[in-house]
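Only one structure is covered here, and it is reproduced in the block below.
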Amino acid sequence: MRIAIAPLAAAIALAVAACSPAPTTPKADAKAATAALPDYYGTLEPMASDAVYFVLTDRFVNGDTSNDQREQGKAKGDAFYTFDRPVPGAPAGKHDNIGYLGGDFKGIADHAQYIRDMGFGAVWITPIVDQPDEAFTGGEPAKWGGFWTDGGKTGYHGYWGVNFYRLDEHLPSPGLDFRALTKTLRAHGLKTVLDIVANHGSPAYTMPVDQPKFGEIYDGGGKLIADHMNLPPDKLDPNNPLNAFYNRKAGIAQLSDLNENDPRMLPYLLGAYQQWIDQGADAFRIDTIGWLPHTFWHAFTQKIREKHPGFFMFGEAFDYDANKIAEHTWAENANVSVLDFPLKQALASLFEKPAGDFATLAEPLHLTGGPYANPYELMTFYDNHDMPRMNAGDNGFIDANNWLFTARGIPVIYYGSEIGFERGAAEHAGNRNYFGVEGIAAAKTHPIHAALARIAKVRAASPALQRGLQVNLELKGDRAAFYRVYQHGGEHQLALVLLNKGDAPQDFAIDAMLQAGRWRSALDEGAIDVARGSSLKTRVPGHGVQVYLLDAAVSDPGLLAALDAAMAGARRPQ
């Protein structure tokens with residue numbers, strides 16, 4: 001019998017080869033090494049890449065005067081007209097307005113590049129749904145410096161929804177409806193954040209004579225499905241389907257308070273807001289989230305995300321208690337981000353006062369062990385349309401923006417803040433005044449605008465500033481120094497942020513947890529070579545910022561330990 005030695009040897013060789021590790025290439029080795037690196041990130045949320053510019057649409061730019069509706073309500077007399085209604089009682093040289101002033105979709109579209117050029121990646125616009133066609137004749141008359149006084153006011157702001165499926169007639173132009181606006185913004189590299197309301201409709205009672213649309217809600221086909229009938233909440237008839245859509249308790253001012261227990265309410269709102277997502281909304285800002293129970297928002301957000309997985313939403317809970325507003329971020333509740341009101345309070349207090357101390361920001365950051373599901377996904381800001389604008393000098397705004405665009409969170413800037421527009425002004429004292437092409441022209445040579453665009457563009461190009469963990473080195477007096485570190489999915493970047501809000505230059509010598517390497521400046525062409533065990537020395541001018549970047553994996557033992565602790569403590573356990 002003859003044995004086939006050669007074939008047997010070949011088979012054995014093949015078997016051995018199959019069991020042996022394949023030869024590797026340098027590229028494969030690098031990929032394997034990267035995969036083995038620990039993850040360090042504050043958030044993986046895509047929206048974290050996009051700083052947000054908040055526009056009160058009617059007050060931004062009037063791009064199309066043909067949709068101003070200047071005759072609306074005039075036939076019924078002075079109490080009813082809707083266009084250009086000055087607030088009485090203004091001091092000399094001051095003004096405010098509670099009527100429509102003409103801002104529209106075209107005004108935003110025409111100046112989308114202006115917004116993009118500042119370094120923003122998203123535009124938050126106020127609600128777009130149909131509003132009443134007259135000024136409200138009930139309530140307490142609006143007056144200079146008043147708050148939650150709606151008498152004589154119109155729905156120019158968009159928060160008095162009547163038909164949540166229909167676009168308000170003041171906003172579109174021929175060829176530029178909401179779908180076309182979102183498409184236009186996207187072409188400029190901008191996402192659309194749509195402001196939505198679920199807690200209330202329009203003002204509903206205390207009118208001398210019931211007015212059309214006020215306290216009414218219509219479905220997508222134009223059918224009346226709810227009517228307050230100018231009755232106070234406690235006089236509504238729960239057996240009348242038109243009344244049952246509302247709660248029988250008073251809410252904000254004289255606004256109709258939607259009844260979350262009515263089985264028609266959730267499907268109505270879901271259908272409306274899913275329609276606007278289908279037309280291009282990329283994210284929602286949820287108005288007055290705290291006025292409805294957690295169970296409602298849990299159901300709402302779950303249904304939205306069933307059709308649109310990962311859809312980003314953030315709520316407005318106007319409260320300075322972090323433990324209270326954090327509840328909306330928890331998975332068992334709304335599972336959304338929120339506007340960071342507690343940090344806002346600290347920011348305004350700090351940057352309105354030249355002698356303020358950076359140390360006051362440490363606690364409201366809640367970098368570890370805090371109440372939020374994830375503090376890195378919070379929307380950070382220093383003022384908005386419902387509170388007095390920040391009352392700071394140009395340097396105060398520059399310092400505030402340098403912080404917002406380098407520290408944890410997703411920055412939100414209210415329109416006009418790029419020139420300190422109406423600084424210090426409250427709601428009925430100029431906060432929401434018309435900006436216009438004049439404001440945009442002024443911005444192009446304004447120092448706040450220049451400094452904002454500079455640091456916003458740095459953030460837009462840095463994954464560490466967008467999504468990285470924050471490790472504080474110094475928060476004291478006029479000085480702040482911290483790391484932002486992102487290491488995930490083969491991408492790694494360390495950012496060293498140095499801030500000086502004082503008038504005089506400050507010298508920094510950073511050696512704590514400092515990794516060796518060539519640190520390049522994100523703000524100029526400079527770079528600093530750092531040897532192991534040495535320090536990074538640089539000077540930061542008054543009211544200045546410096547950001548040094550190192551595109552390398554984390555290797556410094558001290559920094560690794562700090563990042564491990566930051567990673568473990570940042571997010572609330574689910």
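Predicted model only: the values in this text are computed from it and were never measured.
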Have a look at Ile289 and tell me which of Ile325, Asn199, Asn333, Val336 forms a side chain to side chain contact (heavy atoms under 4.5 Å, CB included) with it. Val336

Is it the case that atom CZ in Arg539 sees more than 12 heavy atoms from other parts of the structure closer than 6.0 Å? no

Test ring pair (Phe, Tyr, Trp, His ring centres under 6.0 Å) on Phe60 and Tyr434; report intermediate values, then the result. CA-CA 6 Å; Phe60 187 54; Tyr434 183 74; 8.8 Å; no

Against the six-membered ring of Tyr156, is Arg59 placed for a cation-pi contact (under 6.0 Å from the centre, within 45° of the normal)? yes

Interatomic distance, CG@Leu181 vs CD1@Ile125, rounded to 0.5 Å, equals 5.5 Å

Assess whether salt bridge (charged side-chain N to carboxylate O under 4.0 Å, His left out) is satisfied between Lys106 and Asp104, documenting all intermediate values. CA-CA 5 Å; Lys106 193 170 189 303; Asp104 47 31; over 6 Å; no

Counting the benzene-type ring for Trp, do Phe284 and Phe312 have ring centres under 6.0 Å apart? no

Any heavy-atom pair between the side chains of Phe381 and Ile413 that's under 4.5 Å? no

Would you give the length of the straight line joining atom OG1 of Thr301 to atom NE2 of His308, rounded to the nearest 0.5 angstrom? 13.0 Å

Would you be so kind as to tabulate the donor-acceptor pairs closer than 3.5 Å made by side chains of residues 458-469, with sequence neighbours excluded?
unit_1	atom_1	unit_2	atom_2	d
Arg459	NH1	Ala48	O	3.0
Arg459	NH2	Ala48	O	2.9
Arg459	NH2	Gly409	O	3.2
Ser462	OG	Ala464	N	3.4
Ser462	OG	Leu465	N	3.1
Ser462	OG	Gln493	OE1	2.7
Gln466	OE1	Ser49	OG	3.1
Gln466	NE2	Arg459	O	2.9
Gln466	NE2	Ala460	O	3.0
Arg467	NH1	Ser49	OG	2.9

Evaluate side-chain contact (heavy atoms from CB on, under 4.5 Å) for Val197 paired with Leu269, printing each intermediate quantity in order. CA-CA 9 Å; Val197 185; Leu269 293 171; over 6 Å; no

Consider only side-chain N and O atoms of Asn401 and Tyr382, and report whether a donor and an acceptor are under 3.5 Å apart. yes

Closest non-hydrogen contact found for Met567 with Tyr40 is SD-CA, 3.9 Å

Locate the shortest heavy-atom distance separating Ala480 from Leu475; write the atom from each residue and the value. CB-CD2, 3.6 Å

Could you grab the distance from atom CG of Asp96 to atom CG of Asn431, nearest 0.5 Å is fine? 8.5 Å

Set out, in order, the CA-CA distance, both residues' side-chain angles and the distance that settles side chain to side chain donor-acceptor pair (under 3.5 Å) for Thr538 and Tyr548, then state yes or no. CA-CA 10 Å; Thr538 192; Tyr548 287 101; 3.0 Å; yes

If I take atom CG from residue Asn62 and atom NE2 from residue His170, how far apart are they, to the nearest 0.5 angstrom? 10.5 Å

Across all chains, not counting sequence neighbours, the salt bridge (Lys or Arg N to Asp or Glu O under 4.0 Å) partners of Arg571 are none

Any luck finding a side-chain donor-acceptor pair between Asn433 and Asn97 under 3.5 Å? no

Pairs satisfying side chain to side chain donor-acceptor pair (under 3.5 Å), at least one member in residues 334-346, at least two apart: Asp340-Arg408

Checking side chain to side chain contact (heavy atoms under 4.5 Å, CB included) between Leu347 and each of Asp399, Leu404, Asp383, which is the one that passes? Leu404

Whether Glu474 and Arg479 form a salt bridge (side-chain N of Lys/Arg under 4.0 Å from carboxylate O of Asp/Glu) is what I want to check. yes

Using the ring centroid of each side chain, check whether Tyr415 and Phe54 are separated by less than 6.0 Å. no

Determine whether Leu167 and Asp130 satisfy the following criterion, side-chain contact (heavy atoms from CB on, under 4.5 Å), listing intermediate values before the conclusion. CA-CA 5 Å; Leu167 199 59; Asp130 191 35; over 6 Å; no

Measure the CD-CE distance between Glu418 and Met118 for me, rounded to the nearest 0.5 Å. 4.5 Å

Gap separating the NE2 atom of His328 from the NE2 atom of His298, nearest 0.5 angstrom: 14.5 Å

Applying ring-ring contact (aromatic ring centres under 6.0 Å, His included) to Phe83 and not counting sequence neighbours gives none

Check for me whether the distance between the ring centres of Phe318 and Trp291 falls short of 6.0 Å. no

Does Lys501 have more than 12 heavy atoms from other residues, nucleotides or ligands lying within 6.0 Å of its NZ? yes

Return the set of residues passing side-chain contact (heavy atoms from CB on, under 4.5 Å) with Asp117 (not counting sequence neighbours), or none when no residue passes. Gln113

Side chains of Leu194 and Ile128: closer than 4.5 Å at any heavy-atom pair? yes

Determine the sole option in Leu473, Leu496, Leu498 for which the side chain to side chain contact (heavy atoms under 4.5 Å, CB included) test with Phe508 is passed. Leu498

Not counting sequence neighbours, list each pair that qualifies as a salt bridge (charged side-chain N to carboxylate O under 4.0 Å, His left out) and has a residue in residues 158-183. none

Close aromatic pair by centroid cut-off 6.0 Å: Tyr414 and Tyr53: no

Evaluate the criterion salt bridge (charged side-chain N to carboxylate O under 4.0 Å, His left out) for residue pair Asp386 and Arg432; output intermediate values, then yes/no. CA-CA 9 Å; Asp386 286 329; Arg432 304 178 181 182; 3.0 Å; yes

For Glu316, what residues pass the salt bridge (Lys or Arg N to Asp or Glu O under 4.0 Å) criterion, not counting sequence neighbours? Arg285

Would you give me the side-chain donor-acceptor pairs under 3.5 Å for residues 437-455, sequence neighbours excluded?
unit_1	atom_1	unit_2	atom_2	d
His446	ND1	Ile448	N	3.1
His446	NE2	Ile419	O	3.4
His449	ND1	Ala443	O	3.2

All side-chain contact (heavy atoms from CB on, under 4.5 Å) counterparts of Asp524, not counting sequence neighbours: Ser521, Gln546

Which residues pass the side-chain contact (heavy atoms from CB on, under 4.5 Å) test with His488, not counting sequence neighbours? Asp39, Tyr41, Leu44, Tyr486

Side-chain contact, heavy-atom cut-off 4.5 Å: Ile304 with Met313? yes

If you measure from the Lys or Arg side-chain nitrogens to the Asp or Glu carboxylate oxygens, is any gap between Asp551 and Arg520 under 4.0 Å? yes

Going by the rule side-chain hydrogen bond (donor to acceptor under 3.5 Å, both in side chains), which residues pair with Arg186 if we only count those two or more places apart in sequence or in a different chain? Asp282

Which residues pass the ring-ring contact (aromatic ring centres under 6.0 Å, His included) test with Trp276, sequence neighbours left out? Phe178

Say whether Tyr483 and Asn472, considering side chains only, have a donor N or O and an acceptor N or O under 3.5 Å apart. no

